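A short worksheet on the structure shown next.
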There are 2 protein chains.
Amino acid sequence: MSSKNYEQLLVKFKEILKNQNLKYTAQREMILKTLYKNKKHFTPEELQDNIKHNYPKLNIGIATVYRTLNILEKFKIVTSISFGQSGKKYELAIKPHHDHLICDMCGSIIEFEDKDIEKKQDEIATKYGFLITSHILQLHGICKKCRNKLKEKKIGIK
Amino acid sequence: MSSKNYEQLLVKFKEILKNQNLKYTAQREMILKTLYKNKKHFTPEELQDNIKHNYPKLNIGIATVYRTLNILEKFKIVTSISFGQSGKKYELAIKPHHDHLICDMCGSIIEFEDKDIEKKQDEIATKYGFLITSHILQLHGICKKCRNKLKEKKIGIK
DNA sequence: TTGCCTGCAAATCCTTTGCATACTG
DNA sequence: CAGTATGCAAAGGATTTGCAGGCAA
């Protein structure tokens, strides 16, 4: 059940905070909860907007969002991807590792994972004596929806 | 012969400029030439420093470097990779497509290419009805040199 | 000569930091 | 209570933009 999963996640977060002499605050919980509930990629600004909208009583500054995301990323509770000029986007790291198809027309992100590619990557690293700690694989292009839109335009429906 | 290749590249660049009603200037040529001669990844600042050093008479501003790189990237003469906070690095796109091993300790970049991975990527795109226009594959970690340095430290040579 | 280019400096964008106050443990 | 965390505003770093003079076509 998903509320159970959230509880587990929260416990983990609290433990990390305790171990690091950091404090458990309402702002930090709302950031974690928002990432959990929405299961999507957020820019820091989007996160702040979302929290301001859903919890108007909780005053939350952008600096706090950045500070909290940095903690969450450091302890691998979230991961980030960055592309183009548009800064970083964050998501919860509770999903198994996966890569991204990114539509350059509408900005939508599709996730996928592929064991064969991962295996190949390890082979390449070994060849160069390189120790991989993480990887980024982004396939850029145009998603199905946008391709259809383009087709419609070309056919010229009146 | 490599000077011939550079000539070809230059002709291509001039053609693009002409077609776009852009002008051929000394600054633009030096940027292209520097990228060509050094065959490595440059940040805009490194490019500017390199040009200032090698052509001290040519006053070149950082804005011009950025503007020129944006043109070159738009017309696929250069490609960029971005990682971490540290901004973008640019290289000429005349090499066959390749991916990058990036050392997070020393920042060095190793290039590689792998046909099997590329094939897999196409399969994934097909599955999602996605049209790939480009991709980014970065393997992050620690390079051989840095791993050796770490080992020395641990052994504790006096 | 026209209009794009340039360097410079100012302006932006995104992210981090300093500070006084507020809150957690 | 001590020590963090917070919001705010200021500071930073990277990139872009506005402008007046300079240069390519």
Side-chain angles (χ1 to χ4, degrees), chain A residues 10-11 13-34 41-49 51-52 55-75 78-90 107, chain B residues 10-11 13-32 34 41-52 55-75 78-90 107:
Chain A
L10 192 54
V11 166
F13 185 39
K14 286 185 183 175
E15 257 172 33
I16 290 171
L17 292 176
K18 188 179 292 177
N19 289 335
Q20 302 297 317
N21 272 324
L22 301 174
K23 303 199 168 175
Y24 177 64
T25 67
Q27 286 85 345
R28 286 178 176 169
E29 183 183 345
M30 286 314 136
I31 289 169
L32 187 70
K33 183 181 274 181
T34 301
H41 298 80
F42 281 98
T43 63
E45 207 186 331
E46 287 165 353
L47 248 184
Q48 186 193 28
D49 290 347
I51 292 171
K52 280 196 167 177
Y55 312 93
K57 286 178 206 152
L58 183 72
N59 195 8
I60 186 166
I62 193 68
T64 296
V65 176
Y66 276 102
R67 283 186 281 232
T68 300
L69 287 172
N70 285 342
I71 295 170
L72 290 169
E73 186 167 30
K74 183 171 170 191
F75 293 101
V78 306
T79 56
S80 66
I81 58 175
S82 61
F83 42 102
Q85 305 298 58
S86 35
K88 277 176 152 182
K89 287 194 174 188
Y90 293 84
Chain B
L10 192 55
V11 166
F13 185 38
K14 286 185 184 174
E15 256 172 33
I16 289 171
L17 291 176
K18 188 179 293 179
N19 289 335
Q20 303 298 317
N21 273 323
L22 300 175
K23 303 201 166 170
Y24 177 64
T25 66
Q27 286 86 345
R28 286 178 177 169
E29 183 182 347
M30 286 314 135
I31 289 169
L32 187 71
T34 301
H41 298 81
F42 281 97
T43 62
E45 207 185 332
E46 287 165 354
L47 249 184
Q48 187 194 25
D49 290 348
N50 189 305
I51 292 170
K52 280 195 167 179
Y55 312 93
K57 286 179 208 152
L58 183 72
N59 194 9
I60 186 166
I62 192 69
T64 296
V65 176
Y66 277 102
R67 284 186 280 232
T68 301
L69 287 172
N70 286 341
I71 294 171
L72 290 169
E73 186 168 29
K74 183 171 170 192
F75 293 101
V78 306
T79 55
S80 67
I81 58 175
S82 60
F83 40 105
Q85 305 297 61
S86 34
K88 279 174 151 184
K89 288 194 173 187
Y90 293 83

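This structure is a prediction, so every number in the text was calculated from the model and none was measured. Chain letters run A, B, ... following the sequence lines, proteins first and then strands; every chain starts at 1.
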Short side-chain N/O contact to D/dC23 OP1/OP2 from B/Q27, under 4.0 Å: no

Give a yes/no answer on whether the side chain of A/T25 brings an N or O atom under 4.0 Å of OP1 or OP2 in D/dT4. no

Return the value, rounded to whole Å, for the distance between atom [atom1] of [X] and atom [atom2] of [N].
X: A/Q48; N: C/dC14; atom1: CD; atom2: C1'; value: 13 Å
X: A/I31; N: D/dT6; atom1: CD1; atom2: C1'; value: 11 Å
X: A/Q20; N: D/dG3; atom1: CD; atom2: P; value: 18 Å
X: A/R28; N: D/dT4; atom1: CZ; atom2: C1'; value: 8 Å
X: A/N19; N: D/dT4; atom1: CG; atom2: C1'; value: 16 Å
X: A/Y66; N: C/dG18; atom1: OH; atom2: P; value: 18 Å
X: B/K74; N: D/dT15; atom1: NZ; atom2: P; value: 19 Å
X: A/E73; N: C/dT15; atom1: CD; atom2: C1'; value: 13 Å

Can you confirm whether [X] sits close enough to [Y] that some side-chain heavy atom of one is under 4.5 Å from a side-chain heavy atom of the other?
X: B/E73; Y: B/K88; answer: yes
X: A/L58; Y: A/M30; answer: yes
X: A/T68; Y: A/T25; answer: no
X: A/F13; Y: A/L72; answer: yes
X: B/F75; Y: B/Q20; answer: yes

Looking at every non-hydrogen atom in both residues, tell me the closest pair between B/I60 and B/K52 and how far apart they are. O-CE, 3.6 Å

Does B/R67 reach a base, just sugar-phosphate, or nothing at all? Heavy atoms under 4.0 Å. base

Check if the side chain of A/K23 and the base of C/dT24 share a donor-acceptor pair of N or O atoms closer than 3.5 Å. yes

Are the charged groups of B/K89 and B/E45 less than 4.0 angstrom apart, N to O? no

In terms of the nearest nucleotide of DNA chain D, which residue is placed more toward the 5' end: B/P44 or B/Y24? B/P44

Going by heavy atoms closer than 4.0 Å, what residues in residues 57-64 of chain A are next to DNA chain D? A/N59, A/I60, A/G61, A/A63, A/T64

Among the nucleotides C/dT15, D/dT16, D/dT6, which one has an atom lying closest to any side-chain atom of B/N70? D/dT16

